Amino acid sequence: MAEKSIAEALRDAIAEEMRRDETVFCIGEDIGIEGGFGGAFTVTLGLEKEFRDRMVDTPISEILIAGAATGAAMTGMRPIADVQYGDFLFCMMDQLVDETAKMRYMSGGEIKVPMVMRAPVGATTRGAQHAQSLEGFFTHVPGLKVICPSTAYDAVGLLRTAVHDDDPVIMFEHKKLYGSKGNRAEKGALSPIGEVPDEYYTIPFGEAVIRREGTDVTIVANLLMVYNAISAAEILADEGIRCEVIDPRTLVPFDYETVYRSIRKTGRLAIVHEDVERNGWGAELAAKVASEAIYSLNAPIKRICTYNTPIPFAPVMENYVVPSVERIVEEIRNLINS
Amino acid sequence: MLNFSREKLLDLYKNMVLIRKYEERIYFLFLEGIMPGTIHQSHGQEASAVGMLYDLQKTDYMTTTHRPAGHALAKGVSLKSMMAEMFAKTSGCCHGYGGAMHVGDMAVGAVPAIAIVGGGVPLGVGIALSCKMRKTDSVCVTFLGDGATNEGAVHESMNGAMIWKLPIIFAVENNLYGASTSIKQTTTIENLAERAKAYNMPAEIVDGNDVIAVNQAAERAIARARSGSGPTFLELKTYRIGGHSRNDTCGYRTKKEEAEWAKRDAIKVFGERLVKEKIASRKELNAIDEQIEQDIDEAVVYAKSEPSPVAEDAFKNVYVQEGLI
């Protein structure tokens with residue numbers, strides 16, 4: 001058992017997959033440059049020492065990254081691609097949505113596209129274009145799987161599953177959870193350190209985890225919001241409100257059953273995500289609950305999400321639009337009293 | 001004729017006629033109203049398809065565009081499976097999930113066609129990267145049209161292919177029009193091959209209606225790719241006989257221009273050359289034509305008689321893991 005940050009855990013897990021399978025390779029900007037950064041958040045730092053031929057450094061060409069990863073995946077390789085900031089996924093949107101996601105379908109099942117696209121998300125006072133949470137764009141696309149680990153343990157287990165998976169997987173990682181060190185450290189980061197077992201394990205997609213048990217309200221939250229939700233739950237516990245916090249870990253596929261089971265107990269549901277509220281994954285979850293499990297609820301479903309604005313720069317504004325612990329506490333209180 | 005074997009010369013002719021007659025039959029079937037979907041046909045561009053792909057192996061790859069039928073047939077996708085796909089049958093090369101704009105068959109290295117202009121080119125680079133990383137000697141021919149050379153995806157791909165010295169050939173079929181818009185309105189250069197200079201990529205300008213010229217340029221480019229010397233850009237100057245798509249009456253082209261290109265019809269010119277140089281008699285060529293008509297007749301009968309998918313098949317093949325939608 002080792003204590004690792006998410007960045008360290010992912011680095012070790014990627015190296016291990018590359019050792020295990022020589023068709024696994026990394027492709028992206030600034031990922032394997034000697035003396036460089038190891039990607040924007042140090043995840044691939046130093047991997048070029050052991051895997052020079054399989055650390056494919058690219059020009060600043062996101063369409064190329066996605067196309068090269070997809071083409072390689074279609075023909076026997078297992079790429080782990082990466083963009084510096086999730087926002088840059090838009091540059092490669094045609095490849096991911098029209099090509100990557102549809103190759104298998106258009107070929108009538110003849111093609112597999114076993115690729116992983118890693119993308120950092122989250123608001124970190126960098127302004128509107130290095131800040132977005134993008135889950136909703138990608139959960140909307142049939143053919144893509146979408147995962148979002150919030151702990152080192154999950155990052156390792158889900159990355160392994162993603163690398164082994166024969167379908168394309170978009171993996172969102174939160175900048176404030178990496179625990180990147182040195183000059184790549186993130187101001188105001190939570191950087192949780194977690195235990196990662198020495199023995200090899202994987203985590204199946206579509207299995208949520210209950211981060212905290214409770215009986216009064218179910219809070220479903222992902223990435224950084226898992227931590228905000230837990231902090232809110234601790235404050236609310238002092239007021240006698242017992243929150244159950246569920247981390248879905250993967251959004252496509254999504255573990256609805258764990259949510260349904262929880263709300264049968266609590267009768268209340270709040271959904272917390274950093275993606276904007278409008279048409280976020282929370283909207284889909286709310287609609288599913290409304291159609292499949294509405295009679296479990298004693299109160300309306302509450303979504304606590306980033307307001308429908310771009311991410312502003314001024315910290316006072318950024319902290320306001322992204323769900324804070326205080327906002328979650330307030331909204332849950334209202335939900336309980338409704 | 002040159003040092004080509006008689007067998008190869010007749011194959012080149014036959015493969016071109018197959019594409020021409022296939023496209024003509026598809027057009028007829030559309031007029032009859034018995035085929036679903038839409039069509040973007042390649043008649044007139046047969047020499048580019050056949051010349052480029054004749055020397056490739058099944059283990060080599062090809063990516064193509066929304067105008068893919070000629071490329072797919074020339075890469076070895078079976079006529080019957082192509083026709084069945086056009087009729088949206090389960091025995092189609094994409095099992096009814098693809099249609100006219102996505103035909104292909106990975107078993108012969110024909111990547112299902114990508115109908116986003118320029119969208120298949122980055123995939124071609126990825127395939128070539130894979131060929132190199134897996135230490136095979138396979139190569140990839142990636143087809144694009146003149147219009148696609150204005151797409152960012154193509155420029156990122158050309159640059160990437162050069163820095164990684166990949167076994168890929170950019171086969172640009174310059175048919176002078178992007179849908180209805182003349183190339184004169186969309187670029188300021190005379191030859192698209194000039195764009196390769198920006199990436200230090202070897203390039204050739206080729207008469208895309210001369211199957212021999214195309215094939216020789218392809219041989220040079222394929223040899224360069226196989227030997228690890230990197231990409232080549234081939235500008236194949238050609239002309240589509242038909243419209244951009246099903247309902248296009250080509251009001252944006254002059255009859256004079258069409259007539260001039262008709263004189264350079266790849267199949268007509270090559271057939272005459274074969275006869276003149278006594279490679280084959282007109283009678284022999286006619287026999288080839290008739291055999292192909294018969295093959296197409298059979299393919300149509302086959303395709304019509306094959307089963308259609310059921311509606312719920314729509315849920316399959318979204319993911320490898322079934323039931324996950």
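All chains are named by letter (A, B, ...) in the order of the sequence lines, taking the proteins before the strands, and each is independently numbered beginning at 1. Model, not experiment: these values are computed from the prediction.
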What are the two closest non-hydrogen atoms of B:N150 and B:T187, and how far apart are they? OD1-CG2, 3.6 Å
Against chain B, label A:K145 side chain, backbone, both or neither, depending on which of its atoms sit under 4.5 Å from a heavy atom there. both
Honestly, the part of B:A314 sitting under 4.5 Å from a heavy atom of chain A is both
Salt-bridge criterion met for A:R160 and A:E16 (N-O under 4.0 Å): yes
Proximal component of A:E62, with respect to chain B [non-hydrogen, under 4.5 Å]: backbone
Does any donor atom in the side chain of A:H140 or A:E284 lie under 3.5 Å from an acceptor atom in the other side chain? no
When B:G96, B:P122, B:G99 are compared by non-hydrogen pairs under 4.5 Å with chain A, the top option: B:P122
A:L144 versus chain B, the contacting section by heavy-atom distance below 4.5 Å: backbone
Indicate the atoms forming the closest heavy-atom contact of B:H40 with B:M101, along with that distance. CE1-SD, 3.5 Å
Can you label the angle between the A:F90 ring and the A:F137 ring as parallel, tilted or perpendicular, going by 30° and 60°? perpendicular
Residue part contacting chain B, namely of A:M103, when any heavy atom lies under 4.5 Å: side chain
So, does A:T161 use its side chain to make a donor-acceptor pair with the main chain of A:I203 at under 3.5 Å? yes
Determine, stepwise, if the pair B:K197 / B:E194 fulfils salt bridge (charged side-chain N to carboxylate O under 4.0 Å, His left out). CA-CA 6 Å; B:K197 284 183 200 159; B:E194 288 172 37; 5.2 Å; no
With a 4.5 angstrom heavy-atom cut-off, could you sort out which part of A:F205 is near chain B: side chain, backbone, both or neither? neither
What part of B:I163 lies closer than 4.5 angstrom to a heavy atom of chain A: side chain, backbone, both or neither? side chain
Looking only at A:E99, A:M74, A:M77, A:R54, most heavy-atom pairs under 4.5 Å shared with chain B are made by A:E99
State whether a side-chain donor-acceptor pair under 3.5 Å links A:H164 with A:R78. no
Counting heavy-atom pairs closer than 4.5 Å to chain A, which one of B:G119, B:C140, B:G124, B:G152 comes out on top? B:G119
Under 4.5 Å, counting heavy-atom pairs only, tell me which of B:I116, B:V125, B:L129 racks up the most with chain A. B:I116
Quick one: closest heavy-atom pair of B:E85 and B:C94, and the distance? OE1-N, 2.8 Å
Region of A:V56 that comes under 4.5 Å of a non-hydrogen atom in chain B: side chain
Non-hydrogen atoms of chain B under 4.5 Å away: do they reach the side chain of A:D166, the backbone, both or neither? both
Chain A contacts, top residue of B:E156, B:Q321, B:K316, B:H95 (heavy-atom pairs, under 4.5 Å): B:E156
B:V121 portion near chain A, given a 4.5 angstrom heavy-atom threshold: neither
Closer than 4.0 angstrom, basic N to acidic O: yes or no for A:R19 and A:E50? yes
